[in-house]
Trainee: 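Quick one: structure below, then a few questions.
Atoms within each ligand, like the ligands themselves, are counted from 1 in listed order. Nothing fancy with the numbering, it's 1 onward along the sequence. Side chains are part of it too, since the values below use all heavy atoms of this structure and drop only hydrogens, waters and symmetry mates.
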Amino acid sequence: MKTKVAILNEQSLDKNIILEAAEIIKRGGVVAFPTETVYGLGANALDEEAVKKIFIAKGRPQDNPLIIHVGDFNISPYVKEVPKVAKEIMNKFWPGPITLIFEKSDKVPMITSANLSTIGVRMPDNNIARELILAANTTIAAPSANISGRPSPTDVDSCIEDLSGKIDYILGGENSEVGLESTIVDCTVNPICILRPGAITLEMLKEIDENVYVDPAVLNKPTEDFKPKAPGMKYRHYAPKAPVKIVSGDIEKTIAKINEIVLNYIERGKRVGVIATDETKNSYNSDIVVSLGSRENLYEIGQNLFKVLRSFDTMDVDIILCEAFNEQGVGAAIMNRLKKSAGFDIIEA
Ligand code: TXA
Ligand code: MG
């Protein structure tokens, strides 16, 4: 399949390109598009055949449900009811990096929700995404636009790398500002529950519902027979080709521990990559050190995380060692993604 790529400027949108991409969605095709969290792989969420193509292009397991994306606040055609707490979250954080789970209406086919009776809904904070959804005159189902298991794409080049030749169209825009997928909140339960941490943090949601809590599945390594509420949480994820190990603890001890492991590998003729920060990048004895940004700015770390994980695939390393971060605020989302990319391989410094 030939994949058309068109790059747009979010500030001065070329309407003809949006209409061309929307036409593909209307005809049951698949379009990758930018959002503020990560790039999405979109198709008409109400068209079974179109949704099937998303699963095939990504190589996504059939039991992993998709999120639907809306261009305005009118979600009533897709959900049974909108609880009061969900309305408050929508008013405060939409458009933005937060997905809410509702009981779904019959209009949303079972393939989209992977046979669940619920559906995740999000209004992205990105002009290209919203204009595309509105022009397609539907709701767009979109997982992250990566091959299943790989780090999510935060720029157009990563989408092209994973999906060129597999889908109809790639709409490019700026790099994703947040860089981590949306927070997912189950609004079908009381109190509401965070199924995936993101840029809208537990602390921020507590201002709306003080009883909100994080699903234990987010924090622990999944076991064989484990059935998390967000099915995607059980799969290996965000993984570069080389294995990742996280080294956790006081920063001075972390540096010493990473250097000890680096030496050990180098002595055995292995190539070691280190994921560091601006404050620590000159402290390592490996010559393959990449900084995620400043420890003072966790938003910058989140923005760069997936791109940095992907970058090791072209550096031919045998192992990747990564510093850990404080799990407060957006740090919870960063550590959730890192732990999954490391298959929960964490070494105490
Ligand atoms: O930021 C995002 O959410 C991005 C952009 C493109 O919007 N999308 C995204 O989709 O991350 P995806 O498919 O890569 O991740 C969706 C996650 C999966 O872990 C899935 O299992 C979970 O959401 N999920 C979807 N529907 C659900 C439901 N009804 N109940 C529980 N979990 C659900
Ligand atoms: Mg994904």
Side-chain angles (χ1 to χ4, degrees), residues 31-43 45 51 54-55 57-71 78-80 93-105 108 110-126 128-130 132-133 139-154 158-159 162-163 171 173 176-189 192-200 215 217-218 222 227-239 302 306 333 336-337 340-341:
V31 177
F33 61 94
T35 90
E36 82 282 25
T37 57
V38 300
Y39 274 68
L41 182 59
V51 170
I54 294 180
F55 283 92
K58 263 188 80 99
R60 182 175 177 107
Q62 293 278 343
D63 67 348
N64 196 1
L66 305 180
I67 291 172
I68 64 172
H69 296 69
V70 291
Y78 317 120
V79 304
K80 280 204 173 125
F93 297 114
W94 273 13
I98 186 160
T99 297
L100 305 180
I101 307 282
F102 300 100
E103 291 297 334
K104 76 169 194 69
S105 75
V108 180
M110 288 310 252
I111 182 172
T112 307
S113 69
N115 286 319
L116 295 179
S117 63
T118 55
I119 190 77
V121 188
R122 175 166 108 82
M123 186 186 341
D125 186 15
N126 176 295
I128 299 173
R130 281 203 312 278
L132 174 69
I133 300 163
T139 174
I140 294 186
S144 48
N146 52 284
I147 296 296
S148 252
R150 298 206 71 206
S152 301
T154 52
S158 303
C159 294
D162 277 19
L163 296 165
L171 263 185
S176 299
E177 222 176 285
V178 176
L180 301 165
E181 307 88 342
S182 60
T183 307
I184 301 180
V185 178
D186 188 351
C187 295
T188 67
V189 290
I192 57 171
C193 172
I194 297 177
L195 303 184
R196 179 174 73 183
I200 306 297
D215 185 72
V218 168
K227 279 211 174 63
K229 286 190 211 131
M233 300 297 280
K234 73 173 177 282
Y235 294 107
R236 179 152 192 258
H237 243 107
Y238 316 120
F306 290 143
N336 168 260
R337 307 310 191 272
K340 287 169 78 68
S341 74

Trainee: Please report the closest heavy-atom contact between Ala141 and Leu66, naming both atoms and the distance.
Mentor: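 That closest heavy-atom pairing would be CB-CD1, 3.9 Å.
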Trainee: Answer yes when Arg196 and Asp215 have at least one side-chain N-carboxylate O distance shorter than 4.0 Å, and no when they do not.
Mentor: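 Answer for the salt bridge query: no.
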Trainee: Is His69 in contact with ligand 1, taking contact as a heavy-atom separation below 4.0 Å?
Mentor: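 Yes; His69 lies near enough to ligand 1 that a heavy-atom distance drops under 4.0 Å.
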Trainee: With the threshold set at 4.0 Å, does a side-chain nitrogen-carboxylate oxygen contact exist between Glu36 and Arg122?
Mentor: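 The answer is yes: the pair qualifies as a salt bridge.
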Trainee: Considering only the protein, which heavy-atom contact is closest to atom 32 (N) of ligand 1, and what is its distance?
Mentor: Ala230 CA, 3.3 Å
Trainee: Kindly identify the option in Thr112, Asn64, Ile98 whose heavy atom sits closest to atom 18 (C) of ligand 1.
Mentor: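 Residue with the shortest heavy-atom distance to the ligand atom: Asn64.
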Trainee: Give the atoms of ligand 1, by number and element, whose distance to some non-hydrogen atom of Leu116 is under 4.0 Å.
Mentor: 28 (C), 29 (N), 30 (N)
Trainee: I need the Phe306 CZ to Asn146 CG distance, nearest 0.5 Å.
Mentor: 8.5 Å
Trainee: If you measure only the distance, is there a donor-acceptor pair under 3.5 Å linking the side chains of Ser144 and Glu181?
Mentor: no
Trainee: Answer with side chain, backbone, both or neither: which part of Arg60 has a heavy atom less than 4.0 angstrom from an atom of ligand 1?
Mentor: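 The answer is the side chain.
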Trainee: Looking at ligand 1, does Ala142 have a heavy atom less than 4.0 Å from it?
Mentor: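 Judged by the 4.0 Å heavy-atom criterion, Ala142 does count as contacting ligand 1.
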Trainee: Please report the interatomic distance CD1(Ile133) to CD1(Ile128), rounded to the nearest 0.5 Å.
Mentor: 12.0 Å
Trainee: In terms of side-chain heavy atoms, does Thr118 have a donor or acceptor partner in Thr188 at a distance below 3.5 Å?
Mentor: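 Side chains of Thr118 and Thr188: no pair found under 3.5 Å.
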Trainee: Counting only heavy atoms closer than 4.0 Å, does ligand 1 sit against the backbone of Thr118, its side chain, both, or neither?
Mentor: both
Trainee: So that I can check it, does any N, O or S atom in Ser152 come closer than 2.8 Å to the Mg ion (ligand 2)?
Mentor: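 Not a single backbone or side-chain N, O or S atom of Ser152 is under 2.8 Å from the Mg ion (ligand 2).
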Trainee: Counting N and O atoms only, with roles assigned by atom type, does the side chain of Ser176 sit under 3.5 Å from a partner on the main chain of Thr35, one being a donor and the other an acceptor?
Mentor: yes
Trainee: So which of Pro65, Gly198, Ala129 gets nearest to atom 33 (C) of ligand 1, if we judge by its closest heavy atom?
Mentor: Pro65
Trainee: Give me the one residue out of Asp125, Ile200, Thr183 that meets side chain to side chain contact (heavy atoms under 4.5 Å, CB included) with Pro97.
Mentor: Ile200
Trainee: Could you check whether any side-chain N or O of Lys58 sits under 3.5 Å from a backbone N or O of Pro143, counting only pairs where one atom can act as donor and the other as acceptor?
Mentor: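 Flag not set: sc Lys58 to bb Pro143 has no pair under 3.5 Å.
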Trainee: One residue to check: Ile184. Relative to ligand 1, which of side chain, backbone, both or neither has a non-hydrogen atom less than 4.0 Å away?
Mentor: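 Only the side chain of Ile184 comes within reach of ligand 1.
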Trainee: Among all protein heavy atoms, pick out the one at the shortest distance from atom 5 (C) of ligand 1; state its residue, atom name and that distance to 0.1 Å.
Mentor: Thr37 OG1, 3.6 Å
Trainee: Which ligand 1 atoms are under 4.0 Å away from a heavy-atom of Glu181?
Mentor: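 Heavy-atom distances to Glu181 below 4.0 Å select 1 (O), 2 (C), 11 (O).
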Trainee: Provide, to 0.1 Å, the distance between atom 31 (C) of ligand 1 and the closest protein heavy atom, together with that atom's residue and name.
Mentor: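 The closest heavy atom on the protein side is Lys229 O, 3.1 Å.
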Trainee: Near Leu195, which atoms of ligand 1 are under 4.0 Å from a heavy atom of that residue?
Mentor: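 Listed by number with element, the hits are 31 (C).
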Trainee: Can you pull out the closest protein heavy atom to atom 15 (O) of ligand 1? Residue, atom name and distance to 0.1 Å, please.
Mentor: Arg196 NH1, 3.1 Å
Trainee: At what distance is the nearest protein heavy atom to atom 28 (C) of ligand 1, and which residue and atom is it?
Mentor: Ile101 CD1, 3.4 Å
Trainee: Do the ring centers of Tyr39 and Phe33 come within less than 6.0 Å of each other?
Mentor: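 No, too far apart.
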Trainee: Just by modelled atom types, is the Ile140 backbone N or O under 3.5 Å from a matching donor or acceptor in the His69 side chain?
Mentor: yes
Trainee: List ligand 1 atoms under 4.0 Å from Ser144, heavy atoms only on the residue side.
Mentor: 8 (N), 9 (C), 10 (O), 12 (P), 14 (O)
Trainee: What residue and atom, counting heavy atoms only, is the protein's closest point to atom 19 (O) of ligand 1, and at what distance?
Mentor: Gly232 CA, 3.3 Å
Trainee: List the closest protein heavy-atom neighbour of atom 10 (O) of ligand 1: residue, atom name, distance to the nearest 0.1 Å.
Mentor: Pro143 CA, 3.4 Å
Trainee: Looking at non-hydrogen atoms alone, which of Ser182, Pro124, Pro61 comes nearest to atom 3 (O) of ligand 1?
Mentor: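 Going through Ser182, Pro124, Pro61 one by one, Ser182 has the nearest heavy atom to atom 3 (O) of ligand 1.
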Trainee: Just verifying a value: how many Å separate Met123 CE and Ile98 CD1, rounded to the nearest 0.5 Å?
Mentor: 12.5 Å
Trainee: Which residue owns the protein heavy atom closest to atom 6 (C) of ligand 1, what's the atom, and how far is it?
Mentor: Gly40 CA, 3.5 Å
